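Here the structure comes first, spelled out in structure tokens, and everything after it is commentary.
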Amino acid sequence: MIESRKIILASQSHRRIELLNLLGLKNIEIKNHKVDEENFKWEKPYSKSILDLSELKARSVQNKKNKNSIIIAGDTVVIRAGKFFNKTNSTSEIKSYLKTLSGRKHFVYGGLCVLSPSGKSFRKFSKTEVYFNKINDHEITKQVLEDGIGKAGGYALQNYGSRFVKKIRGCYTNVIGISIPELYKILKNPEV
């Protein structure tokens, strides 16, 4: 059973850890990946780039000590009109992001990579459309800004960012950090 196998998550994201727990996975080890995301070269199609980035993260934590483990890595990016809304620690940038996304549709691209103990790579791409209501300046509170720190797009859908969402088309958990339906499908594969 996959539930008893050792899982390595190549991420420090609390959101991704919580999502893995939804699958009943217990034996999870957290390892910080060694990929310099800021200098990663995005190329079109972005769907392939995000899968490549996810695999780089997974492979960066792979070593002889964990050769019998399943490694999971993921990445999300928010895109609107060809512009990337990357993770930021700047509240002024988060405010700018939210004003730009206000009343509009944007896309959340999610890349997922699972490495089997044999080193075989299983990759899945998810694309979710998120529609925001109009956001007024007074709604961008200190709480909302702090909640957006370190999040793609400058918001956390599972927290204060949820108040701005008009509708979602696609996978909800992809927006939070990893597509649980896609991960579940991969983990059910006998080759994993």
Side-chain angles (χ1 to χ4, degrees), residues 2 7-23 25 28 31-62 69-88 97 101 104-132 150-158 161 165 167-192:
I2 193 76
I7 306 284
I8 294 172
L9 177 63
S11 173
Q12 296 287 315
S13 165
H14 296 292
R15 298 176 313 282
R16 290 193 180 109
I17 296 163
E18 289 167 6
L19 290 171
L20 290 190
N21 288 329
L22 294 175
L23 291 175
L25 302 173
I28 303 171
K31 282 192 178 271
N32 203 6
H33 64 79
K34 300 166 187 83
V35 177
D36 181 1
E37 294 179 79
E38 287 185 26
N39 290 313
F40 177 76
K41 185 150 174 48
W42 288 90
E43 295 177 5
K44 291 187 177 181
Y46 296 138
S47 56
K48 182 182 178 314
S49 280
I50 200 160
L51 289 171
D52 291 345
L53 179 57
S54 297
E55 186 162 350
L56 283 171
K57 288 180 175 184
R59 297 231 180 253
S60 79
V61 301
Q62 189 180 35
S69 303
I70 294 168
I71 300 173
I72 299 171
D75 197 70
T76 54
V77 66
V78 171
I79 301 174
R80 156 112 190 106
K83 180 183 186 300
F84 282 69
F85 294 77
N86 297 314
K87 296 173 199 160
T88 181
Y97 282 2
L101 298 175
R104 297 186 172 109
K105 170 177 78 170
H106 61 273
F107 298 96
V108 178
Y109 282 17
L112 169 63
C113 179
V114 176
L115 298 181
S116 71
S118 69
K120 186 171 181 186
S121 170
F122 297 84
R123 301 174 6 150
K124 287 286 182 183
F125 169 72
S126 298
K127 178 178 167 184
T128 307
E129 295 176 20
V130 181
Y131 297 78
F132 269 12
K151 315 283 191 316
Y155 70 94
L157 183 66
Q158 70 278 20
V165 178
K167 69 179 175 179
I168 295 174
R169 190 172 290 147
C171 180
Y172 170 80
T173 59
N174 179 49
V175 182
I176 297 173
I178 210 160
S179 173
I180 289 303
E182 294 296 353
L183 177 58
Y184 184 62
K185 278 189 247 177
I186 291 171
L187 293 177
K188 285 197 315 182
N189 185 324
E191 291 185 62
V192 176

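If you're wondering where the values come from, they're calculated on a predicted model, not measured in any experiment.
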Determine whether [X] and [Y] make a side-chain contact, defined as any pair of heavy atoms from C-beta on separated by less than 4.5 Å.
| X | Y | value |
| --- | --- | --- |
| L115 | I8 | no |
| V78 | V130 | no |
| V175 | T76 | no |
| L157 | V108 | no |
| W42 | L53 | yes |

| message | Could you go through I28 and I72, starting from their C-alpha distance and side-chain angles, then the distance that decides it, and tell me whether this counts as side-chain contact (heavy atoms from CB on, under 4.5 Å)? | response | CA-CA 10 Å; I28 303 171; I72 299 171; over 6 Å; no
Who passes ring-ring contact (aromatic ring centres under 6.0 Å, His included) against [X], sequence neighbours left out?
| X | value |
| --- | --- |
| H106 | F132, Y155 |
| Y46 | F84 |
| F122 | none |
| F85 | Y97 |

| query | Would C171 and T128 count as a side-chain contact (heavy atoms from CB on, under 4.5 Å) if you check the C-alpha gap in whole Å, the side-chain angles of each, and the deciding distance to 0.1 Å? | reply | CA-CA 6 Å; C171 180; T128 307; 4.1 Å; yes
Measure the spacing between [atom1] of [X] and [atom2] of [Y] and express it to the nearest 0.5 Å.
| X | Y | atom1 | atom2 | result |
| --- | --- | --- | --- | --- |
| L9 | H33 | CG | NE2 | 10.0 Å |
| Q158 | H14 | CD | NE2 | 12.0 Å |
| R16 | L183 | CZ | CG | 11.5 Å |
| L56 | L51 | CG | CG | 11.0 Å |
| S60 | N32 | OG | CG | 8.0 Å |
| L25 | I70 | CG | CD1 | 8.5 Å |

Restricting to non-hydrogen atoms, name the atom on [X] and the atom on [Y] that form the minimum distance, rounded to 0.1 Å.
| X | Y | answer |
| --- | --- | --- |
| L112 | I178 | CD1-CD1, 3.6 Å |
| S49 | E43 | OG-O, 2.7 Å |
| A73 | A58 | CB-N, 3.6 Å |
| K34 | V61 | NZ-CA, 4.0 Å |
| C113 | S121 | SG-OG, 3.6 Å |
| T173 | P181 | OG1-CD, 3.7 Å |

For [X], all residues meeting salt bridge (charged side-chain N to carboxylate O under 4.0 Å, His left out), sequence neighbours excluded:
| X | answer |
| --- | --- |
| E38 | none |
| K124 | none |
| E18 | none |

Only pairs at least two apart or in different chains count here, so list each salt bridge (Lys or Arg N to Asp or Glu O under 4.0 Å) that has a residue in [range].
| range | value |
| --- | --- |
| residues 169-190 | E129-R169, E182-K185 |
| residues 47-62 | E37-K57, K48-D52, D52-R123, E55-R59, E55-R123, K57-D75 |
| residues 108-117 | none |

| Got a sec, which residues hit side chain to side chain donor-acceptor pair (under 3.5 Å) with S13, two or more places apart in sequence or on another chain? | none
| remark: So the side-chain hydrogen bond (donor to acceptor under 3.5 Å, both in side chains) pairs with at least one residue in residues 109-119 (sequence neighbours excluded) are S116-S118
